[in-house]
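Every chain is numbered from 1 and lettered A, B, ... according to where its sequence line falls, protein lines coming before strand lines.
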Protein chains: 2
Amino acid sequence: MVKLTQQRQSILDLINASNRHWDADEVARALSDAGQAVGIATVYRGLAALEAAGLLDSIQLADKKRYERADKAHHDHMICTECGLIEEFTRETIEVLQLAAAKERGFELSGHQLTMFGRCKKCSLEKV
Amino acid sequence: MVKLTQQRQSILDLINASNRHWDADEVARALSDAGQAVGIATVYRGLAALEAAGLLDSIQLADKKRYERADKAHHDHMICTECGLIEEFTRETIEVLQLAAAKERGFELSGHQLTMFGRCKKCSLEKV
DNA sequence: GAAGGGAATGATAATCATTATCGTTATCAT
DNA sequence: ATGATAACGATAATGATTATCATTCCCTTC
């Protein structure tokens, strides 16, 4: 049985108190700064356990994985390749079409990730 | 100016002659087996250059990047978490909705990746 | 047809996120 | 108290990718 230890509670509280997308290192650093230092290996294990328990969501980026609160409606991401901004968006219809495509192929869907890349509004305006 | 060297041509030919999704290591190994060994660093650089030139497409998986031919219609991927099978599918409507969502936020889209995870038909049937 | 410059190559070291290892510690039921 | 089980934390290991750097290739120009 998975345990919600003190360390995991700290990780969860930290992420739940924000709207950011955290990577393991940022979590470790933030907890350390808050005087609740948690070993980096424990952070990795904690994040994975919390995600498996449905208490956190994650997106896999090219270089690393980032975690966010799970208590929000499902959404996908739009990432600015210029400034790193991560915006969220939802399109119910896309979800429906995905399910249909999966069913069509006899695929038993367990998850998906839709990520769009480009330049956010701000960056598009700033640099020609 | 980017050059289409002998090595890059070999990489391109190899991938174009298949429908697979190759990672750098597989490419290096295959070329080596074919008697056209290419340094692993060169393979990485070649793949990146060919993709930048629009001659190859790629999908970023959790652990590594995989390359495929670019001379096919745009499509997304469905990956079996059991056997690793990568199936392709297309849903024109999804593309349209993505563009709409981007425009709505002033996002200047440069690319996207939609990947679905689950168990393929075969694996769903085999193991309960 | 030699000389010089830009790009690519290849061997290898370095980087960086993540996972494995392992002895120690906390927690909970008997 | 006694185990049993899960987690912790420090650190080593892994694995994909990138950086370094001396060498080589390919043009273009003289």
Pull out every residue in residues 48-71 of chain A that has a heavy atom closer than 4.0 Å to any atom of DNA chain C, ordered by number, or say none.
A:Asp63, A:Lys64, A:Lys65
Counterpart residues, side-chain contact (heavy atoms from CB on, under 4.5 Å), relative to B:Leu109 (two or more places apart):
A:Met116, B:Leu99, B:Ala102
Quick one, B:Ile94 with A:Thr93, criterion side-chain contact (heavy atoms from CB on, under 4.5 Å). Give me CA distance, side-chain angles, the key distance, then yes/no.
CA-CA 8 Å; B:Ile94 291 185; A:Thr93 318; over 6 Å; no
I'd like to check the salt bridge (charged side-chain N to carboxylate O under 4.0 Å, His left out) partners of A:Asp71; sequence neighbours left out, ordered by chain and number.
A:Arg69
According to a strict under-4.0 Å criterion, is B:Tyr44 in side-chain N/O contact with OP1 or OP2 of D:dT17?
yes
Spacing of B:Asp23 atom CG relative to D:dA16 atom C1', expressed in whole Å
9 Å
Taking only residues at least two apart or on different chains, which pairs with a member in residues 36-58 of chain A satisfy salt bridge (Lys or Arg N to Asp or Glu O under 4.0 Å)?
A:Glu51-A:Lys65
Contacts of A:Lys64 that satisfy side-chain contact (heavy atoms from CB on, under 4.5 Å) - sequence neighbours left out:
A:Asp23, A:Arg66
Would you please name every residue forming a salt bridge (charged side-chain N to carboxylate O under 4.0 Å, His left out) with B:Glu95, sequence neighbours left out?
none
What's the CG-P distance between B:Leu4 and C:dA7, to the nearest Å?
16 Å
Holding to side-chain contact (heavy atoms from CB on, under 4.5 Å), I want the full list of residues that pass it with B:Ala30, two or more places apart in sequence or in another chain.
B:Leu14, B:Trp22
Which residue pairs pass the salt bridge (Lys or Arg N to Asp or Glu O under 4.0 Å) test with at least one member in residues 2-15 of chain B, sequence neighbours excluded?
none
Does atom NZ of A:Lys103 have more than 12 heavy-atom neighbours, drawn from other residues, nucleotides or ligands, at distances under 6.0 Å?
no
Whole angstrom is fine here: how far is it from CD in B:Gln9 over to P in C:dA8?
15 Å
Under the side-chain contact (heavy atoms from CB on, under 4.5 Å) test, residues paired with A:Gln113 that sit two or more places apart:
A:Ile59, A:Gln60, A:Thr115
note: A:Arg29, atom CZ; C:dC16, atom P; distance rounded to Å ~ 12 Å
Please produce a list of atom pairs where a protein N or O lies less than 3.5 Å from an N or O of nucleotides 23-27 of chain D.
none

Grab the CG-C1' distance between B:Leu47 and D:dT17 for me, whole Å please.
12 Å
C:dT30: pairing nucleotide in any strand, Watson-Crick or G-U under 3.5 angstrom:
D:dA1
Protein-nucleotide distance (B:Leu12, atom CG; C:dA8, atom P), rounded to Å:
15 Å
Partners of B:Glu104 by salt bridge (charged side-chain N to carboxylate O under 4.0 Å, His left out), sequence neighbours excluded?
A:Arg91
Protein and nucleotides 8-13 of chain D: nitrogen or oxygen contacts under 3.5 angstrom:
from  : atom 1 : to      : atom 2 : distance (Å)
D:dC8 : OP1    : A:Thr5  : OG1    : 2.4
D:dC8 : OP1    : A:Gln7  : OE1    : 3.3
D:dC8 : OP2    : A:Arg8  : NE     : 3.4
D:dC8 : OP2    : A:Arg8  : NH2    : 3.4
D:dC8 : O3'    : A:Gln7  : NE2    : 3.0
D:dG9 : OP1    : A:Gln7  : NE2    : 3.3
D:dG9 : OP2    : A:Gly39 : N      : 3.3
D:dG9 : OP2    : A:Thr42 : OG1    : 3.1
D:dG9 : N7     : A:Arg45 : NH2    : 2.5
D:dG9 : O6     : A:Arg45 : NH1    : 3.1

